[in-house]
Q: 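Sharing a structure below in structure tokens format, with a few things to ask.
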Amino acid sequence: MSDPGYKELPKGGLILEGGTAAKYETGDWRSQRPVFIQENCINCSFCWIFCPDSSIIINDGKVSGIDYKHCKGCGICAFECPAKKKAIIMKSEAEIEG
Amino acid sequence: MANIKELTKKNEPLSGGHRACAGCAAPVVVRQALLASDKPVVVGSATGCLEVTTTIFPYTAWNVPFIHNAFENSAANVSGVETAYRALKKRGSFDKEVNFIAFGGDGGTYDIGLQSLSGAMERGHRMLYICYDNGAYMNTGIQRSSATPFGANTTTSPAGKKIPGKTQFKKDLTKIIAAHNVPYVAQASVGYWNDFITKVQKALATDGPSFINVLSPCRLGWGFPPEETMEIARQAVACRIWPLYEVINGTWKITFQPKEVTSPLDWMKKQTRFRHVFQPGNESILQKVEEQVEKEWQELLRQCGQA
């Protein structure tokens, strides 16, 4: 991501488009990665309603994955998952990446 | 009551990529609050963690119109926008229905923005003010505010040999706003999403000013593991240090009764900001906390006509 110069920026501190923070990838802050296990999911959506980084991807009311570009790995989703066999578990990034 | 399946179909109000800490509750407060609105929303936010982490120029995490204002004037700012909206509507040059929400942290609400909030509430603007209360000036590095609880260690109420953390009790802001006799005032916790969203829906349906004070645990300033943010928010309710209630046109009602009442000391033990109060010699602080929580709970029961 390259930052625009002063000539390209709108005047007066305006930001003309919404949701542009998504261009900044906070996923590289993560040391723990939430891993989604589809077959354990009971579709309660609690992980989604409690995610601070809007990183639980939902399609047609069902969790379909995690946005690793923005997920900071806080672990709230895995902690809040009420399923008996957790549908989201936290794994160390270091172990995954080897 | 909010239906979570219906909520998942809505557009995401806040994008990822904002710079709030991992496990921060403030973006969750925003997401839940904005999902509760069925109309377009205009938002203003006081300076604080929420504002600095979501609107780093030239980027914004907000998918709704957002006004950045100073520390003290979130309520004044949004009340002005609401007035302009009514003027445009009266002239016939605008006909959409819009909700107005002002956000502020506890620093921008309990302390610095109290005057402008009081004014906006008194003037009767059709707006909702949401205070996300994380109990200190977290953005600048954890300085005490009037929302910091008794005994908490902050950089300006440091726990040491002479002074055991903050020596004053937390200001009861929700009651202060209730004393403005506005139509809707509530206290909520981000850990109880349905209770909070229902309160936002009620507030937005109110024809007049409304205020919601929502507990928003700060994993950095309070000192707990980031995944436990929502659990800490729920335990504050269970130990009655943060009861959930609403005041509709002067009628007080407790909206959630914990199944099992715990001790506020159990809640405090989970947070490093209270670590020092459990050391020998500080027993009187623990006793004071328990007495204060019980006193405030009895007072709330009395106001709700249950005592």
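Each chain gets a letter, A, B and so on, in the order its sequence line appears, and its residues count up from 1.
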Q: I'd like to know whether NZ of B:K39 has more than 12 heavy-atom contacts from other residues, nucleotides or ligands below 6.0 angstrom.
A: yes
Q: When heavy-atom pairs shorter than 4.5 Å are enumerated against chain B, which of A:C71, A:G27, A:G75, A:S54 gives the highest number?
A: A:S54
Q: Among the options A:S55, A:G13, A:P10, pick out the one with the most heavy-atom pairs lying under 4.5 Å from chain B.
A: A:G13
Q: Could you please spell out the steps behind the side chain to side chain contact (heavy atoms under 4.5 Å, CB included) verdict for B:R19 and A:K72?
A: CA-CA 10 Å; B:R19 310 322 194 262; A:K72 294 167 189 155; 5.6 Å; no
Q: Heavy atoms only: give me the nearest A:A21-B:H18 pair and the separation to one decimal.
A: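 Closest heavy-atom pair between A:A21 and B:H18: CB-N, 4.2 Å.
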Q: Non-hydrogen atoms of chain A under 4.5 Å away: do they reach the side chain of B:K9, the backbone, both or neither?
A: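 Neither the backbone nor the side chain of B:K9 comes within 4.5 Å of chain A.
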Q: Please check if atom CG in A:D60 has more than 12 non-hydrogen atoms from other residues, nucleotides or ligands closer than 6.0 Å.
A: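 Atom CG in A:D60 is not crowded, with 12 or fewer foreign heavy atoms closer than 6.0 Å.
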Q: Under 4.5 Å from any heavy atom of chain A, what part of B:V190 do you find: side chain, backbone, both or neither?
A: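 B:V190 touches chain A through backbone heavy atoms alone.
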Q: Flag yes if more than 12 heavy atoms outside B:K10 fall under 6.0 Å of its NZ atom; otherwise flag no.
A: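 Check passes, neighbour count above 12.
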Q: More than 12 heavy atoms of other residues, nucleotides or ligands under 6.0 Å from CD of B:E260: yes or no?
A: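 Atom CD in B:E260 is not packed in, count stays at 12 or less.
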Q: Please confirm whether the backbone N or O of A:G18 pairs with a side-chain atom of B:T60, one donor and one acceptor, at under 3.5 Å?
A: no
Q: Considering only heavy atoms, give the residues of residues 42-53 of chain A separated from chain B by less than 4.5 Å, sorted numerically, with 'none' for an empty result.
A: A:N43, A:C44, A:S45, A:F46, A:W48, A:I49, A:F50, A:C51, A:P52, A:D53
Q: Side chain, backbone, both or neither: which part of A:E17 has a non-hydrogen atom closer than 4.5 Å to chain B?
A: backbone
Q: Contact part of A:L14 toward chain B, heavy-atom cut-off under 4.5 Å: side chain, backbone, both or neither?
A: backbone
Q: How about A:D28: does its CG atom have over 12 heavy atoms from other parts shown lying under 6.0 Å from it?
A: yes
Q: So for B:I56, is it side chain, backbone, both, or neither that comes closer than 4.5 Å to the heavy atoms of chain A?
A: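 Neither part; nothing is under 4.5 Å.
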Q: If you round to the nearest 0.5 Å, how far is CD of B:E227 from CD of A:Q32?
A: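 Between atom CD of A:Q32 and atom CD of B:E227 there are 8.5 Å.
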Q: Quick one: closest heavy-atom pair of B:S15 and A:G19, and the distance?
A: OG-O, 3.6 Å
Q: Shortest non-hydrogen contact from A:I15 to B:P58?
A: CG2-O, 3.7 Å
Q: In Å, rounded to the nearest 0.5 Å, how long is the span from OG1 of B:T8 to CD1 of A:I56?
A: 12.5 Å
Q: If you count the non-hydrogen atoms of other residues, nucleotides and ligands that lie under 6.0 Å from NZ in B:K270, is the total more than 12?
A: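 Open.
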Q: With B:E231, which residues qualify under salt bridge (Lys or Arg N to Asp or Glu O under 4.0 Å), at least two apart?
A: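 Applying salt bridge (Lys or Arg N to Asp or Glu O under 4.0 Å) to B:E231 gives B:R234.
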Q: With a sphere of 6.0 Å drawn around NZ of A:K62, does it hold more than 12 non-hydrogen atoms of other residues, nucleotides or ligands?
A: no
Q: Looking at B:P13, B:P27, B:A25, which makes the most heavy-atom pairs under 4.5 Å with chain A?
A: B:P27
